[in-house]
Amino acid sequence: MTFHHRHLLGIEPLHPEEIRTILDLADQYVDLNRRAVKHADALAGLTQINMFFENSTRTQASFELAGKRLGADVMNMAMQASSIKKGETLIDTALTLNAMHPDLLVVRHPHSGAVDLLAQKVNCAVLNAGDGRHEHPTQALLDALTIRRAKGRLHRLNIAICGDIAHSRVARSNIILLGKMENRVRLVGPPTLMPSQVGELGVEVYEDMREGLKDVDVVMMLRLQRERMDGGFIPSEREYYHRYGLDAEKLSHAREDAIVMHPGPMNRGVEIDGTIADDINRSVIQEQVEMGVAVRMAAMDLLARNLRAADRPAGVMA
Ligand code: ASP
């Protein structure tokens, strides 16, 4: 199996073959997760610590389940109530945890680059569970697995990513991954929600949603990430829904068999109509959640193999 990394900090450093390796292993974990008894021992004896400095429902639960199903000792740090609130720096918190010899550290942080910085200070494997508007690698991998299973391939597809691209780490990781796998990516949204260097991303940009969705195989919707906006980016939610909310009429411009995705949390009636989100013939939103656990199991399994191969169970190193 090809996967030669110590950490999973982003999609950027991954080779297409490594992406395939993660997805192939995740396929096996999907099968395991559908059995009554879901345990494997890939992480037996290892300690996984989840540090979420930003709220999370899906991602944290998914990483926790993934670790437990693979036999790790999993601990969730309540970062809201932690020493950070007492003024401790991110690095001091990381060093304190590092001294407890974790093997896998799963980190979400509101600042872009914070997880990379932390990874340089610890001697265990670090997984980025979302840093600011930078990357959210496991989300892009679970999206890729969902697409590959629904479409039977992960190349030469037309994929529209719609909405608040500028503030979205999900969009960024997906643009990188889908580009590496040779798909055509379109970004659809108002100019105020497009990233500034959109010209360098190798994508097509559409302001008109109907044009942007024309004949696409995949429609990926995004939430308006107000927590990362500092000003008025849209006139009103009503107006936004009118122009960019995915409803049956707008979806009718995509291919008849196009799938609808959303990373969650979803705002019904803002970026997506509830009936579309619930339409089991079009929406794969629940499959995305299912694939999330399998992809995280695969990613942690591969990182743990590298830890073991280097005979570097955390802490024993220095
Ligand atoms: N859950 C995703 C993230 O953490 C998407 C979102 O929050 O809208 O980036």
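Note that this is a predicted model, so its numbers are computed, not measured. Counting convention: from 1, in listed order, for ligands and their atoms alike.
- In summary, R148 and D27 engage in a salt bridge, as defined by a charged side-chain N under 4.0 Å from a carboxylate O.
- Judged by the shortest distance from any of its heavy atoms, S56 lies outside the 4.0 Å radius around the atoms of ligand 1.
- Under 4.0 angstrom from ligand 1, there are no non-hydrogen atoms of R58.
- Under 4.0 Å is where a charged nitrogen must lie from a carboxylate oxygen, and between D278 and R268 at least one such pair does.
- For the pair R108 and F52, the NZ or CZ position fails the cation-pi test of under 6.0 Å to the six-membered ring centre and within 45 degrees of the ring normal.
- Residue R228 has no nitrogen or oxygen atom sitting less than 3.5 Å from a nitrogen or oxygen atom of ligand 1, judged on distance alone.
- Residue contacts with ligand 1, taken as heavy atom pairs separated by less than 4.0 Å, involve R169 solely via side-chain atoms from C-beta onward.
- Atoms of ligand 1 lying under 4.0 Å from at least one heavy atom of R108, given by number and element, are 4 (O).
- Note: no N/O pair closer than 3.5 Å links V170 and ligand 1 by distance alone.
- With ring centers used as reference points, H5 lies under 6.0 Å from F3.
- Where the criterion is an N or O separation shorter than 3.5 Å, residue side chain and backbone included, E227 fails it with respect to ligand 1.
- Note on ring orientation: taking the six-membered ring where Trp is involved, the planes of H167 and F233 are perpendicular (angle over 60°, cut-offs 30° and 60°).
- Annotation: atom 2 (C) of ligand 1 to nearest protein heavy atom, G264 O, 3.6 Å.
- S112 and R133 form no side-chain donor-acceptor contact under 3.5 Å, judged by distance and modelled atom types alone.
- Taking a cutoff of 4.0 Å between a charged side-chain nitrogen and a carboxylate oxygen, R34 and D31 do not qualify as a salt bridge.
- Summary of contacts: the protein heavy atom closest to atom 7 (O) of ligand 1 is R223 NH2, 2.9 Å.
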